[in-house]
Asks: 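Mind looking over this structure? Questions follow.
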Amino acid sequence: MNFRGYIDSYLKQTEEITQSISREDIEHSAELLMNLKTRGGRLFILGVGGSAANASHAVNDFRKIAGIESYAPTDNAAELTARTNDEGWETTFEEWLKISKLTSNDAVMVFSVGGGSENTSKNIVNALKFAKNAGASVLGIVSRNGGFTRETADACIMIPVVDEERITPHAEGWQGIVWHLLVNAIK
C-alpha cells in the first residue's frame, strides 16, 4: 500500500475543507452558544457511533472550558440501553430530553454524519421535533446534505464533502475541530 499517497490525499482534502467551511455558520453557532451561556441555559449534545464519543468529549469541554451546563444521553449507558430495549431506539433521545425537562432556555446540538432523516437516525429526528416544539435552540455539526438537522437547526455547520469515500472520517474529525473552536471562542 502507498501510505504516503493516502496520507497526502487525506491531508489535501482536510485543507480543502478548511478553505470551504462556512465561517458565517461557525460564527452564528458561537453567537447562539454565547447567548445560551449568558442566559444560563443547558446544552444537550446528541450523537451516535463516533459522534456519540465526540458528544461525550464535547460535554466535558463545554462544561469545563466554556462554563455551559452540558449533557449527552449516550453518557448514561444504563438508561440508554433500558430505553432502547423497552421503548425502541427511535425515541431514546426524545424521551431523555423529556425527562431532562428541556425548555426554551436550552439548546440541543447534533453531531451527525448525515443529520438524520425518516430512514436513518430517526432518534435524532424525533429529538429535534421535540426540541423545536419545546422552543429550544437547535445547532448542528453535520455533513452530506445535512439531513433533518440542517432543515431544522437555528445554526448548522456543514462539513463539506470532498470525497464520497471519506465522508464519515472527515465529518467526525471536523466535529472535534469545530467544537474545540466554539468552546474556546466563547470561554
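Predicted model, so just to flag it, every value in this text is computed and none were measured. Side chains included, hydrogens not; waters and symmetry mates left out as well; all remaining heavy atoms used.
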Asks: More than 12 non-hydrogen atoms from neighbouring residues, nucleotides or ligands closer than 6.0 Å to CZ on R4, yes or no?
Replies: no
Asks: For A52 versus G47, what's the shortest heavy-atom pair and its separation?
Replies: CB-O, 3.2 Å
Asks: Taking G5's backbone N and O only, do any of them form a donor-acceptor pair with D8's side chain (distance below 3.5 Å, no angle check)?
Replies: no
Asks: Between F62 and L36, does the side-chain contact (heavy atoms from CB on, under 4.5 Å) criterion hold? Intermediate values first, please.
Replies: CA-CA 11 Å; F62 276 105; L36 178 72; over 6 Å; no
Asks: Is the closest side-chain heavy-atom distance between H180 and V183 below 4.5 Å?
Replies: no
Asks: Does S70 offer a backbone N or O that forms a donor-acceptor pair with the side chain of R63 under 3.5 Å?
Replies: yes
Asks: For residues S56 and D75, is any side-chain donor paired with an opposing acceptor at under 3.5 Å?
Replies: yes
Asks: Before you tell me yes or no, could you show the steps for E94 and K122 under side-chain contact (heavy atoms from CB on, under 4.5 Å), namely the whole-Å CA-CA distance, both residues' side-chain angles and the distance that decides it to 0.1 Å?
Replies: CA-CA 10 Å; E94 175 187 7; K122 192 151 184 184; over 6 Å; no
Asks: When clusters are formed by joining ILVMFWY residues with side-chain heavy atoms under 4.5 Å apart, either directly or through shared neighbours, do L102 and F148 land in the same one?
Replies: yes
Asks: Is any side-chain heavy atom of V142 less than 4.5 Å from a side-chain heavy atom of R144?
Replies: no
Asks: Is the backbone of G176 close enough, under 3.5 Å, to the side chain of N54 for a donor and an acceptor to pair up by distance?
Replies: no
Asks: Please assess E15 against K12 for the test salt bridge (Lys or Arg N to Asp or Glu O under 4.0 Å), listing each intermediate value before the final yes or no.
Replies: CA-CA 5 Å; E15 290 176 20; K12 182 175 180 354; over 6 Å; no
Asks: Is there side-chain contact between E69 and L43, with heavy atoms separated by less than 4.5 Å?
Replies: no
Asks: Given the rule in the side-chain contact (heavy atoms from CB on, under 4.5 Å) test, do T18 and I177 qualify, once you have shown the distances and angles that lead to the verdict?
Replies: CA-CA 10 Å; T18 300; I177 292 169; over 6 Å; no
Asks: Ignoring hydrogens and geometry, is there a side-chain-to-backbone donor-acceptor pair from T149 to G115 under 3.5 Å?
Replies: yes
Asks: Is it true that a side-chain atom of T74 and a backbone atom of A72 form a donor plus acceptor pair closer than 3.5 Å?
Replies: no
Asks: State, to 0.1 Å, how close A153 and G140 come at their nearest heavy-atom pair, and which atoms those are.
Replies: CB-N, 4.5 Å
Asks: Quick one, S51 and Q175 - any side-chain contact, counting heavy atoms below 4.5 Å?
Replies: yes
Asks: If you take all heavy atoms of A155 and L32, which pair is closest and at what distance?
Replies: CB-CD1, 3.4 Å
Asks: Parallel under 30°, tilted from 30 to 60°, perpendicular over 60°: which one fits the rings of F111 and W179?
Replies: parallel
Asks: To the nearest 0.5 Å, what is the distance between CG (L181) and CD1 (I186)?
Replies: 10.5 Å
Asks: For the pair R166 (side chain) and Q13 (backbone), establish whether a donor and an acceptor sit closer than 3.5 Å, ignoring hydrogens and angles.
Replies: no
Asks: Please examine the side chains of W89 and L80, heavy atoms only from C-beta on, and report whether any two atoms are closer than 4.5 Å.
Replies: yes
Asks: Closer than 3.5 angstrom, by distance alone: can the side chain of K37 be matched with the main-chain N or O of G67 as a donor-acceptor pair?
Replies: no
Asks: Kindly give the heavy-atom pair with the smallest separation between A127 and L46, and that separation in Å.
Replies: CB-CD1, 3.6 Å
Asks: Has the side chain of N126 got a donor or acceptor atom that lies under 3.5 Å from a matching backbone atom of E90?
Replies: yes
Asks: Under 4.0 Å between a Lys/Arg side-chain N and an Asp/Glu carboxylate O for D154 and K132?
Replies: yes
Asks: Classify the side-chain pair H170/D163 by whether it contains a donor and acceptor separated by less than 3.5 Å.
Replies: no
Asks: Find out whether S143 and W174 are in side-chain contact, i.e. whether some heavy atom of one side chain is under 4.5 Å from a heavy atom of the other.
Replies: no
Asks: Quick one: do I167 and I21 end up in the same hydrophobic cluster if we chain Ile, Leu, Val, Met, Phe, Trp and Tyr together by side-chain heavy atoms under 4.5 Å apart?
Replies: no
Asks: Should K129 and E118 be marked as a salt bridge (Lys or Arg N to Asp or Glu O under 4.0 Å) after you check the CA-CA gap, both sets of side-chain angles, and the distance that decides it?
Replies: CA-CA 12 Å; K129 288 178 181 177; E118 292 301 320; 3.5 Å; yes
Asks: Looking at S117 and G147, would you say the former's side chain and the latter's main chain have a donor-acceptor pair under 3.5 Å?
Replies: no
Asks: Would a single hydrophobic cluster contain both V108 and I68, if residues Ile, Leu, Val, Met, Phe, Trp and Tyr are joined by side-chain heavy-atom contacts under 4.5 Å?
Replies: no
Asks: Are V125 and V138 connected in a single hydrophobic cluster, I mean Ile/Leu/Val/Met/Phe/Trp/Tyr linked by side-chain heavy atoms less than 4.5 Å apart?
Replies: yes
Asks: For L128 and F93: C-alpha separation, side-chain torsions, deciding distance, then whether side-chain contact (heavy atoms from CB on, under 4.5 Å) applies.
Replies: CA-CA 9 Å; L128 292 182; F93 293 165; over 6 Å; no
Asks: Look at the side-chain heavy atoms of Ile, Leu, Val, Met, Phe, Trp and Tyr, link any pair under 4.5 Å apart, and say whether F44 and F130 land in one connected group.
Replies: yes
Asks: What's the shortest heavy-atom distance between I65 and K187, and which atoms?
Replies: O-CB, 3.3 Å
Asks: Can you tell me if S22 uses its side chain to pair, donor with acceptor, with the backbone of D25 under 3.5 Å?
Replies: yes
Asks: Would you please test E79 and R83 for salt bridge (Lys or Arg N to Asp or Glu O under 4.0 Å) and show each step?
Replies: CA-CA 6 Å; E79 181 180 0; R83 287 192 181 285; 2.9 Å; yes
Asks: Between atom CD1 of I157 and atom CD1 of I26, what is the distance when rounded to the nearest 0.5 Å?
Replies: 5.0 Å
